[in-house]
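All values below were derived from every heavy atom in this structure, side-chain atoms included, with hydrogens, water molecules and symmetry-related copies excluded. Each residue takes its place number in the sequence, starting with 1.
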Amino acid sequence: MAVFLGLPLAIFLIFVIWPFIQAVFYSLTDWSGFSPEMNIIGGENYLRLFNDDIFMTALGNNILLAIVVPLVTIVLALALATMVTVGGPSHGPIRGLRNSSFYRVVSFFPYVIPAIITGILWGQIYNPAGLLNGLLGLVGLDMFESFPWLGDERTAMGATIFVIVWGFVGFYMVLFVAAIKGVPAETYEAARIDGAGRFRTAFSITIPLIRDNIQTAYIYLGILALDAFVYMQALNPGGGPNNSTLVMSQQLFRTAFNKGEFGQASAMGVVLAVVTLVFAAIVFLVNRLTGGKEERGRA
């Protein structure tokens with residue numbers, strides 16, 4: 001047993017823990033990243049970070065993404081998963097919509113497209129002379145002619161969030177479909193006999209019984225939102241109008257490779273890691289406080 005546990009533990013320590021320790025060390029230096037010389041400057045990089053308006057804007061954008069992206073994606077994925085599994089006729093055996101396999105394949109398709117391709121594709125769709133404005137013009141919405149969806153501070157973040165949700169909702173729908181199929185059909189039939197409607201069934205049976213799957217999905221989506229580098233760089237490499245879509249990973253990349261300040265960039269990476277850990281801890285805590293542990297105990 002020690003042999004089987006020792007190798008994965010060693011790999012984890014070497015490739016995960018040790019690089020993080022190195023990043024913490026570099027964050028306390030003025031290392032440029034391109035020379036062997038470095039000086040220990042303590043917490044100066046962190047003081048600069050939290051007095052940097054651009055970085056704080058990026059941090060705020062990341063927090064917004066971490067709240068909105070998981071919430072919207074999970075709500076949509078749960079709704080779709082419920083429809084294709086138990087959303088069929090309200091009489092007879094419990095079953096989903098007819099041709100539900102087709103809906104699963106279609107909704108899963110965006111997930112198989114690489115993120116960079118998704119970003120480039122939607123960047124062209126959002127182009128002022130692109131497909132979206134053309135379609136809106138066809139239905140009479142002429143006010144959107146040549147509208148810069150990614151170039152307007154009012155719409156840049158919303159348009160970006162839509163792309164991320166579009167890319168992931170199908171995957172999490174399939175995840176929730178598998179979880180819902182693990183719930184005994186008799187449970188849903190008993191709820192139907194008791195007169196429970198679709199919303200009551202979803203909130204009283206489906207969500208409590210697949211709570212762990214929802215928690216896992218929320219954490220993974222939150223981690224994705226706290227990074228989001230590929231989507232943001234593909235859609236708006238400059239950070240958007242007035243830095244409205246700038247995220248910490250983009251600012252980290254700029255600081256390291258454009259400015260040659262690897263010590264400062266390492267401090268950004270440490271902050272990003274800490275924020276991610278805090279986010280995961282909050283999700284676990286909320287799940288426990290809302291009865292997650294009790295539900296597992298009863299199961």
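- The aromatic ring centres of Tyr172 and Tyr111 sit 6.0 Å or more apart.
- Under the 4.5 Å side-chain heavy-atom criterion for Ile, Leu, Val, Met, Phe, Trp and Tyr, Val177 and Val106 are members of the same hydrophobic cluster.
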Residue pair Ile219, Phe284: steps toward the side chain to side chain contact (heavy atoms under 4.5 Å, CB included) verdict
CA-CA 9 Å; Ile219 290 174; Phe284 279 114; 3.5 Å; yes

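- A donor-acceptor contact shorter than 3.5 Å is absent between the side chain of Thr73 and the backbone of Pro70.
- Proximity of Val271 to Phe55: side-chain heavy atoms (C-beta onward) are separated by under 4.5 Å at one or more points.
- Relative ring orientation between Phe253 and Phe257 is described as tilted, the plane-to-plane angle lying within the 30° to 60° band.
- Pairing each heavy atom of Leu65 with each of Ala228, the nearest pair is CD1-CB, 4.2 Å.
- Side-chain contact between Asn62 and Val275 is absent, with no heavy atoms from C-beta onward closer than 4.5 Å.
- Contact of the Leu76 side chain with the Val72 side chain is registered, since non-hydrogen atoms from C-beta on lie closer than 4.5 Å.
- Looking only at distances, a side-chain donor or acceptor of Asn61 sits under 3.5 Å from a matching main-chain atom of Asn243.
- Asn213 contributes no side-chain N or O that, together with a main-chain N or O of Ala179, makes up a donor-acceptor pair within less than 3.5 Å.
- Cluster membership for Val16 and Phe25, using ILVMFWY side-chain heavy atoms within less than 4.5 angstrom, is not shared.
- Side chain of Thr29 to backbone of Gly263: no donor-acceptor contact under 3.5 angstrom is found.
- You'll find the ring centres of Trp122 and Tyr231 outside the 6.0 Å limit.
- In plain terms, the two heavy atoms of Asp152 and Pro241 that are nearest each other are C-CG, 3.6 Å.
- The environment of Phe203 atom CZ is sparse: at most 12 non-hydrogen atoms of other residues, nucleotides or ligands sit within 6.0 angstrom.
- With a 4.5 Å cut-off on side-chain heavy atoms, Leu9 and Leu13 count as touching.
- Counting non-hydrogen atoms of other residues, nucleotides and ligands closer than 6.0 Å to CZ of Phe147 gives a total above 12.
- The heavy-atom pair separating Thr245 from Gln250 by the smallest distance is O-OE1, 3.5 Å.
- Rounding to the nearest 0.5 Å places CD1 of Ile120 at 9.5 Å from CG of Leu235.
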Working for side chain to side chain contact (heavy atoms under 4.5 Å, CB included), residues Tyr126 and Phe162:
CA-CA 11 Å; Tyr126 284 139; Phe162 176 84; 3.5 Å; yes

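- Nearest heavy atom pair, residue Leu226 against residue Leu272, reads O-CD1, 3.1 Å.
- Leu246 is listed as a side-chain neighbour of Arg254, based on a closest heavy-atom distance under 4.5 Å.
- The shortest side-chain heavy-atom distance between Met38 and Tyr26 falls under the 4.5 Å cut-off.
- Under the 4.5 Å side-chain heavy-atom criterion for grouping Ile, Leu, Val, Met, Phe, Trp and Tyr, Met268 is not connected to Leu277 through any hydrophobic cluster.
- Taking every heavy atom of both residues into account, Pro208 and Ala202 meet most closely at CD-O, 4.2 Å.
- Distance check: Thr82 OG1 to Met173 CE gives 10.5 Å after rounding to the nearest 0.5 Å.
- Relative orientation of the Phe108 and Phe171 rings is tilted, given thresholds of 30° and 60° on the angle between their planes.
- Within the 4.5 Å cutoff, no side-chain heavy atoms of Leu131 are placed close to those of Gln124.
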Verify side chain to side chain contact (heavy atoms under 4.5 Å, CB included) between Thr85 and Phe176, making sure each step is shown before the conclusion.
CA-CA 10 Å; Thr85 50; Phe176 294 146; over 6 Å; no

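- Going from atom CD of Gln264 over to atom CG of Leu49 covers 4.5 Å, rounded to the nearest 0.5 Å.
- Residue Glu153 qualifies as enclosed at atom CD: its count of foreign heavy atoms under 6.0 Å is above 12.
- With Ser249 contributing its side chain and Asp227 its backbone, the two residues share a donor-acceptor pair below 3.5 Å.
- Note: the hydrophobic cluster containing Val68 also contains Ile223 (ILVMFWY, side chain heavy atoms under 4.5 Å, direct or indirect links).
- Side-chain contact, Tyr46 with Ser27: a donor N or O sits under 3.5 Å from an acceptor N or O.
- To the nearest 0.5 angstrom, Leu47 atom CG is 7.0 Å from Asn51 atom CG.
- Looking at Asn133, its side chain does come within 3.5 Å of a backbone N or O of Pro128 through a donor-acceptor pair.
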Test log, rule side chain to side chain contact (heavy atoms under 4.5 Å, CB included), inputs Ile214 and Ile74:
CA-CA 7 Å; Ile214 296 174; Ile74 287 174; 4.1 Å; yes

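- Between Gly123 and Leu150, the closest heavy-atom pair is CA-CD1, 4.3 Å.
- Between the CG atom of Leu28 and the CG atom of Asn39 there is a distance of 12.5 Å, given to the nearest 0.5 Å.
- Val174 and Val112 fall within a single hydrophobic cluster, where Ile, Leu, Val, Met, Phe, Trp and Tyr are joined by side-chain heavy atoms under 4.5 Å apart, directly or via other members.
- Not a single donor-acceptor pair under 3.5 Å links the side chain of Asp30 to the backbone N or O of Ile40.
- Within a 6.0 Å sphere centred on CZ of Phe109, heavy atoms belonging to other residues, nucleotides or ligands number 12 at most.
- Ile180 CD1 to Leu175 CG: the interatomic distance, rounded to the nearest 0.5 Å, is 10.0 Å.
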